[in-house]
Amino acid sequence: MNTALPNQAKTATHGRMAGKSQPFSSFLALFGIGMTLGNLIGGSLADNHPSRGLIIGFGSALVMLAILASFGGNVVLLMIGLFGVGTTMMIAIPTIQVRLTSFAPEAPTLMGAMNLAALNVANAIGAWAGGAAIAAGFGLLSAVWAGFALTFLGLIVFAVTQPRAPQLAGA
């Protein structure tokens with residue numbers, strides 16, 4: 001979901017990893033494997049517990065983002081954090097997709113396209129916020145804290161709007 005994280009990992013570790021056998025592609029692979037695992041878990045949650053998938057996904061992502069921001073200076077913990085962020089962020093995506101398409105059964109493809117467009121906007125806002133934090137002089141890992149803040153804000157919006165949303169079976 002947040003493709004800026006693996007690129008940030010490359011930048012943050014470039015000087016420390018020069019000449020070592022840990023290629024940047026391992027960051028991308030771990031992030032991608034995490035995203036795949038998260039999508040599998042998220043699909044099951046979306047089918048069985050529509051609201052919980054979003055809460056569990058983004059709630060656990062907050063934990064992983066805090067760990068990544070706090071300990072991302074260590075290459076091993078950075079790699080574990082990237083896997084964890086990829087996994088936890090993707091847990092929520094199937095829930096969002098299922099919820100949106102169920103609210104518009106006559107146009108599920110349109111709702112899917114709107115979901116992807118919204119996720120692209122979210123990625124752009126996240127990249128901007130992370131860049132602003134770095135530009136303000138807070139360091140490379142401050143971008144992760146910016147992602148934490150945006151994810152937390154999203155959970156708050158969900159919590160406030162959820163009671164007013166039409167209820168789905170199993171929610």
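By convention here, the first residue in the shown sequence is residue 1.
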*Just do the side-chain contact (heavy atoms from CB on, under 4.5 Å) check on R99 and S51 with the steps written out, would you?*
CA-CA 9 Å; R99 289 180 65 82; S51 294; 3.5 Å; yes

*In the single-linkage hydrophobic clustering (I, L, V, M, F, W, Y; side-chain heavy atoms under 4.5 Å), do I96 and I156 co-cluster?*
yes

*asked:* Hydrophobic cluster membership, with links at side-chain heavy-atom distances under 4.5 Å among I/L/V/M/F/W/Y: are L82 and L40 in one?
replied: no

*Between I134 and A143, which heavy-atom pair has the shortest distance, and what is it?*
CD1-CB, 3.9 Å

_M79 to L30 - nearest heavy-atom pair and separation_ = CE-CD1, 3.5 Å

*Backbone N/O of I41 and side chain of S44: donor-acceptor pair under 3.5 Å*: no

*asked:* Going by side-chain contact (heavy atoms from CB on, under 4.5 Å), name the residues that satisfy it together with L77, two or more places apart in sequence or in a different chain.
replied: F71, N74, I80

*asked:* Counting neighbours of CZ on F158 that are heavy atoms of other residues, nucleotides or ligands and sit closer than 6.0 Å, is the number greater than 12?
replied: yes

*With I33 via side-chain contact (heavy atoms from CB on, under 4.5 Å) - residues at least two apart*: F83

_Pairs involving residues 86-98, ordered by first then second residue, that meet side-chain hydrogen bond (donor to acceptor under 3.5 Å, both in side chains) (sequence neighbours left out)_ = Q97-N115

*Which pair of heavy atoms, one from M89 and one from T151, lies closest together, and at what distance?*
CE-OG1, 3.3 Å

Name the atoms and distances for all side-chain donor-acceptor pairs under 3.5 Å in residues 55-69, with sequence neighbours left out.
{"unit_1": "S60", "atom_1": "OG", "unit_2": "I56", "atom_2": "O", "d": "2.6"}
{"unit_1": "S60", "atom_1": "OG", "unit_2": "G57", "atom_2": "O", "d": "3.1"}

*Take M35 and I93 through the test side-chain contact (heavy atoms from CB on, under 4.5 Å) and record every step on the way to the result.*
CA-CA 10 Å; M35 290 176 72; I93 302 305; over 6 Å; no

*Tell me, which pairs form a ring-ring contact (aromatic ring centres under 6.0 Å, His included) where one or both residues lie in residues 122-146, sequence neighbours left out?*
W145-F148

*Side-chain heavy-atom pair L45, P94 within 4.5 angstrom cut-off*: no

*Using links of under 4.5 Å between side-chain heavy atoms of ILVMFWY residues, direct or through other members, which residues join V121 in one cluster?*
I125, L150

*Hey, are the side chains of L155 and L54 touching, using non-hydrogen atoms and a 4.5 Å cut-off?*
yes

